[in-house]
Amino acid sequence: FVFQELRDDMPSILADVFCILDIETGCLEEKHKRDHFTQLVGACLICVPDGMLKERLDPETLESLGLIKQAQQFNQKIVKIKTKLFYKQQKFNLLREENEGYAKLIAELGQDLIGNLTSHLVLENIKSLIGCFNLDPNRVLDIILEVYECRSEHDEFFIPLIKSYMCEHQTLCHMLGFKFKFHQEPNGETPSSLYHIAAALLQHNLIALEDLYVHLLPLDSSIVEEHKREILEAKQIARKLTMVLVPSEKTEDKEKEKEKEEEKNEKPPDNQKLGLLEALLRIGDWQHAQSIMDQMPAFYATSHKAIAIALCQLLHLIVEPLYRRYGFQTHALSWAWNSALRPAESFDDLSRGVFTMLCYLGPHLSHDPILFAKVVRLGKSFMKEYQNESRQDTKDKMDSLLSCFLSTADQVLLPSLSLMECNACMSEELWGFFKLFPYQHRYRLYGQWKNETYGNHPLLVKIKAQTVDRAKYIMKRLTKENVKPSGRQIGKLSHSNPTILFDYILSQIQWYDNLISPVVDSLKYLTSLNYDVLAYCIIEALANPEKEKMKHDDTTISSWLQSLASLCGAVFRKYPIELAGLLQYVTNQLKAGKSFDLLILKEVVQKMAGIEITDEMTVEQLEAMTGGEQLKAEGGYFGQIRNTKKSSQRLKDALLDHELALPLCLLMAQQRNGVVFSEGGEKHLKLVGKLYDQCHDTLVQFGGFLASNLSTEDYIKRVPSVDVLCNQFHTPHDAAFFLSRPMYAHQILSKYDELKKAEKGSRQQQKVHKYIAACEQIMAPVHEAVVSLHLPRVWDDLRPQFYATFWSLTMYDLAVPHNAYDREVNKLKIQIKAIDENTEMPLNKKKKEKERCTALQDKLQEEEKKQLEHVQRVLHRLKLEKDNWLLAKSTKNETITKFLQLCIFPRCVFSAIDAVYCARFVELVHQQKTPNFCTLLCYDRVFSDIIYTVASCTENESRRYGRFLCCMLETVTRWHSDRAIYEKECGNYPGFLTIFRASGFDGGNKADQLDYENFRHVVHKWHYKLTKASVHCLETGEYTHIRNILIVLTKILPWYPKVLNLGQALECRVHKICQEEKEKRPDLYALAMGYSGQLKGRKVHMVPENEFHHKEQPVRSATSGTLQNGPGNTGKPAAAATAGKAEEDKSKDKSQVAQKTASKNSTAANKVSSSNGSSTPNSKEKEDKEKTTKEKKEKKDKNPGSTPEAKAGGKDKQKEEKPTDSKEKTPKADKDKRKDDKKEEKSKIDGKSAEKEWSKERDVSNDSKTKEGSKVEKNAGAGSMKSLVPRSEGVESERGETALPLSHHPNHSTVLPKSKEKDDEKKESDKSRDRSKEREKKEDRKDRKRVSGCVPNAFGESRHDKEKSEKKRDSTGAKEEKKQYPLMP
């Protein structure tokens, strides 16, 4: 008892200890130890109960202690008790023994369950039957489940009954498992009722899914293998469809496929897991259904139609209330709602399970188009709410729902659309939802759909292969003739799988560009969604990183890119496709410094807006382009693209809505230089030129589109002022003014209209004043803004007002193209007459066409009248402004230089119309009698310095430059053609004053007017200069030089060459190019052949030199020293101007004046002429020249009529040559060639000798430069070169190309004393040399930068030679100038 007080479990502990000791002592041999143990236990019997010892000690020990009588009897008793407890079976009433109890049980469960009968009453009766008939409880449960299976619709009765009957869930689960195993026979089929009761029991938690799942077949590993096998088979099918098979292989494959289909038709083993899953979905137990689906591969379960439909039905029930709430009508649902899931009442409720269910459903939503439409419409309603929501906090909450809808679209809607066969309605329904997303979201969805979705599902893999196969079939048969039926087939195929179809079509178009037209026509049966997908596919194809955007020769843009660009233009014009994505793509490419894709923008603008950019315009088209918008549309383009109103409006809206109009303009303007300096890199010069032209042309085209389509407010709001464009956005000046020009025109017209409305009924004169007032108000800020664009010293010569006026006007402002208007009106009249005479045309169509033509005619006439009034106002304004245009702070030479540099040259290569504008503007400035503007000097600079300009042009720029020269030559030729015209348009004009200083310097000297005959000499000199420059470019061998000069020559062909010997020299050189380039560079060969053919056709219009300008005999100088023959050869025009009446002394004085003027201006065009040669000739070269000169004299004596001069001059010509001291180089090879030439025809001799002498003259040009004065004139006119050198050439040196033959007029006055002459000459020559060096360095840097290091020195001279030549000129040339040229005051 003491122990028990210490601890309650002490007896048990002691009993355990005795048990262990009993075992230990029983094994010992010493008997006394065993006795001691027995005595110890006996002593402890007081504290340890007998029963506890009987449980734990051995029977023999208990016998020795006297607790039991006999150990043997005790063991027998234990065995009997254990048998009774664990092995004896209770006797129950089994069915085979006595069936009355079970019959009553079945009758009880099968009775009618209506009325007051409840599961509780039935359970009591069952218990009574079990007790009465001694029924087996497990068998009773089995019978209950069997009856439930037969009456599965009575869930509400049997579930409570089973729940009340059962105490252990495990027993019920084993019983169900045995039932499922019974149906797992090879051909067994599990009844759907069993699936139903299992699902119901799972739903009410009467059994656990984990316990039941192990009884079901097939195993999860078998399901995974089956899924992998399905994917593999799908890929094999896809591979076979894309392979090219011979007929024998095709038949074998068909047989194999038949065998496989037969195998598949055999009944597959029953999948009990999927059956249970379907039952769970049908009763709405999503939790357990989701658990089963998670055990399987993705979309494996829903790939079985029954399960997909069951899940769709469940979703119908959940979304129904929300769907009705937003006003959509629904069809009646046959399903009873017994799910634990709550119906969705708001969009937030969708996130509880609907989105998850949809994601499990995946592409198999295609089985239920109605549910598809419901989901799409709910998405549409949500997006409208989202867009209308103004509160930011609510919008943030809705963002998660937005992402859920996007995921659903990506994983469910688009894949399901792929599995729907040709359902155009669903496609349009889906577009109603998608169009509410920004294009970035949509394109992301299309990208996932095209590139990832089709690889995730076996069904989609097959569908993709079948779509490609069908697309191949259609495209092989697509022609212009069967567009309609083929288009229908394409439409059907595109409703479901547009990405795959368009990807294939675009790949075909990239290879075969002749498919573009039929494909575009066949796309008219697409849905709105398909058009949007097409836009995405085009952008993806353009951005393909694996494709090179230039051909292998690296000189041209790849044909696939050109084909896609053409397709873009045609498709986006014809169909209502959103443009934002494409425009943003082009913008992004420009941001990245890539200009290849501007080709797309160019095509889109051309097709959609009807604005065509080409430098191959005819004269008539160019004339039409100077009129109003209506005239441009009718006569300005090659292809008259009609009905562009809607498409151009769509393009405009896309640009304005996405704020892309100005960024695109600025990026293109900046990218022009980027093409050369950044993007050019290692690219071929030809490709760089093409990219530059493409960038520039697209800028002009796009700017023209904005100017003609944007309203005044839109344009002014988006385009900043010109100083902001240039200084902040670093836009080149020409592009900045191009963008600003329409804005100024809009603003001036708006202001003019305001002023007119203020005073109605005012007279014409008052209207003009109001227009001028409007111009002043609008342009005054512009005059201030342009000051910041250039250095202050620029404005010493040009006024900002003049600069702004030049850049702000267009050809529309300067002249009315009456001929173009008349031409188009006459065309319309002819059309009306043809309509009247057409007897086959229906009357209503006749009436419509006549009305259209008449309306167009009225519009054109009204437009012409409007333009005429406008031009008159502009000319009146210019007449008032002209006196303040040019300042007289420096020489006219400087003024003209700045005018050409800052105004004419940048603009004349900007566009074809600008080229015409520049020429007409120069003529207009002359006609307005603008003070301080020397027209003669301007034209001289333009015609004398073309080599660098031509060499630095791109292909299109050279066309524009050629057009500019053509217009300039047209004006000059008109003046040259008739003395009356010249006297009328130039006679008393300040532009033809022969003065070279501004009024600030020695203003007391009276200037002379250039007379007609001297002007003819000047024009001949210009023609000679053009010929010289052309031959030089042709002889360089440089691709750019040759191509550009051929383009320029082709453009100026109507007005040049006019002189026969110059034309022959060109013809010979071009013929040589044709021979040299035929195999090497075919494009140059084609250009040269084209020009050569046209040149031959113009030969009939050429005249001998003596007809082109009057040539007089030379007046010999009285002295043979320093002034030996100074003006003798080349100064003759001065004498010619006085009809040969001047005396020798007077002639001598005039020649001194001429030399002085030539010396003063010898550096005016330093840059170009400095590269004409390399060094002064040595003594050996002089000897060669003298020999050559003698040979030439002998030859001339023998053939006095071999040249046009000889024919015209006769013996006088021979006299003229005698005093000529020629120092021209003539290599021996040339002598031999000249001897061979005697054997050829007479007409060819002139041309070839001219060409040979041409190269000779260029060889000695450096020598000519170092001796600027009479020696230069002698060399230029010596020997047979006399036939090429105009008489007026002697007025200036080779370097002083701007010096005109006006200094040797007979009216020039006195000559200074010699000492003063020398001092003045020294100062003047030093100043002019310094100025020319500075200008030369600047222009050289600028030219080299422009050509981007690709164009060599235009005359082939190295820099070292040039510097060397300049040093020699500084050291020797100055002395000779000082010696030979007296100064003019």
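The figures that follow rest on heavy atoms only: side chains count, while hydrogens, waters and symmetry mates do not.
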Between the CG atom in D521 and the NZ atom in K574, the distance rounded to the nearest 0.5 Å is 4.0 Å
CG of D697 to CZ of F702, rounded to nearest 0.5 Å, is 15.0 Å
Q: Using the six-membered ring of F964, assess whether NZ or CZ of R960 lies under 6.0 Å from its centre and within 45 degrees of the ring axis.
A: no
Rounded to the nearest 0.5 angstrom, the CZ-CG distance for F434 and D532 is 9.5 Å
Applying side-chain hydrogen bond (donor to acceptor under 3.5 Å, both in side chains) to N826 and not counting sequence neighbours gives none
Between I516 and S563, the two heavy atoms sitting closest are CD1-O, 3.5 Å
Residues at least two apart in sequence or cross-chain that pass ring pair (Phe, Tyr, Trp, His ring centres under 6.0 Å) with Y531, listed by chain then number, are Y575
With sequence neighbours left out, the residues meeting ring pair (Phe, Tyr, Trp, His ring centres under 6.0 Å) with F737 are Y803, W807
Taken in chain and number order and not counting sequence neighbours, the residues that satisfy side chain to side chain contact (heavy atoms under 4.5 Å, CB included) with T1050 are Y1091, Q1094
Residues E970, E923; criterion side-chain contact (heavy atoms from CB on, under 4.5 Å); working and verdict
CA-CA 11 Å; E970 181 185 1; E923 189 179 352; over 6 Å; no
So the salt bridge (Lys or Arg N to Asp or Glu O under 4.0 Å) pairs with at least one residue in residues 907-917 (sequence neighbours excluded) are R907-D914
Correct closest heavy-atom pair for E955 and D693 would be N-OD2, 3.4 Å
Output for pair (M426 CE, T527 OG1), nearest 0.5 Å, gives 12.0 Å
Value for CG (L749) from NZ (K751), rounded to nearest 0.5 Å, stands at 13.0 Å
Looking at E578 and K435, is there a salt bridge between them, counting it only when a charged N and a carboxylate O are closer than 4.0 Å?
no
For a salt bridge (Lys or Arg N to Asp or Glu O under 4.0 Å) check, start with the C-alpha distance between E851 and K848, then their side-chain angles and the critical distance, and finish with the verdict.
CA-CA 5 Å; E851 285 174 358; K848 281 183 183 177; over 6 Å; no
Heavy-atom nearest pair, K484 first then Y525, reads CG-OH, 3.2 Å
- Item | Working for side-chain contact (heavy atoms from CB on, under 4.5 Å), residues L878 and D813 | CA-CA 11 Å; L878 297 181; D813 304 309; over 6 Å; no
Mind running side-chain contact (heavy atoms from CB on, under 4.5 Å) on V533 and C537 for me, showing each step along the way?
CA-CA 6 Å; V533 173; C537 290; 4.0 Å; yes
Report task. Assess whether side-chain contact (heavy atoms from CB on, under 4.5 Å) is satisfied between Y439 and Q584, documenting all intermediate values. Result -> CA-CA 10 Å; Y439 76 88; Q584 188 63 57; 3.0 Å; yes
Next on the checklist: Do R741 and T810 have side chains that approach each other closer than 4.5 Å (heavy atoms only, starting at C-beta)?
Outcome noted: yes
**Report entry** side-chain hydrogen bond (donor to acceptor under 3.5 Å, both in side chains) between Y446 and E540, worked out
**Finding:** CA-CA 10 Å; Y446 302 151; E540 190 187 53; over 6 Å; no
Shortest non-hydrogen pair, L542 vs W560, comes out as O-CH2, 4.0 Å
- [ ] Report yes if some heavy atom in the side chain of Y771 is under 4.5 Å from a heavy atom in the side chain of I748; otherwise report no.
- [x] yes
Residues passing the salt bridge (Lys or Arg N to Asp or Glu O under 4.0 Å) test with D836, sequence neighbours excluded, are K850
Charged N-O contact under 4.0 Å between E863 and K859 = no
Pair up each side-chain donor or acceptor in residues 501-511 with any protein partner under 3.5 Å, not counting sequence neighbours, and list the distances.
residue: S507; atom: OG; partner: Y504; partner atom: O; Å: 2.5
residue: Q510; atom: OE1; partner: K547; partner atom: NZ; Å: 2.7
residue: Q510; atom: NE2; partner: L506; partner atom: O; Å: 3.3

Sequence neighbours excluded, the answer for side-chain hydrogen bond (donor to acceptor under 3.5 Å, both in side chains) partners of Q747 is none
Sorted by chain and number, sequence neighbours left out, ring pair (Phe, Tyr, Trp, His ring centres under 6.0 Å) with Y812 holds for H870
Note: V586 and D597 closest approach over all heavy atoms is CG2-O, 3.9 Å
Applying ring pair (Phe, Tyr, Trp, His ring centres under 6.0 Å) to Y744 and not counting sequence neighbours gives none
Sorted by chain and residue number, the side chain to side chain contact (heavy atoms under 4.5 Å, CB included) partners of I830 (sequence neighbours excluded) come out as none
Distance col, row L1053:CG vs H1101:NE2, nearest 0.5 angstrom, shows 9.5 Å
request  = Step by step, work out the salt bridge (Lys or Arg N to Asp or Glu O under 4.0 Å) result for K827 and E824.
outcome  = CA-CA 5 Å; K827 280 183 190 175; E824 294 306 319; 3.3 Å; yes
**Q.** Any side-chain donor near an acceptor of the partner, Q867 and Y821, under 3.5 Å
**A.** yes
Show the numbers, then the answer: is there a salt bridge (Lys or Arg N to Asp or Glu O under 4.0 Å) between E603 and K607? CA-CA 6 Å; E603 285 288 337; K607 296 287 195 318; 2.8 Å; yes
Q: Indicate yes or no: at least one non-hydrogen side-chain atom of C568 is less than 4.5 angstrom from one of L582.
A: yes
Side-chain polar contacts of residues 651-664 - donor-acceptor pairs under 3.5 angstrom, sequence neighbours left out - could you list them?
residue: D653; atom: OD1; partner: Q649; partner atom: NE2; Å: 3.1

Minimal heavy-atom distance between A471 and L493, with the atoms involved, is N-CD2, 3.8 Å
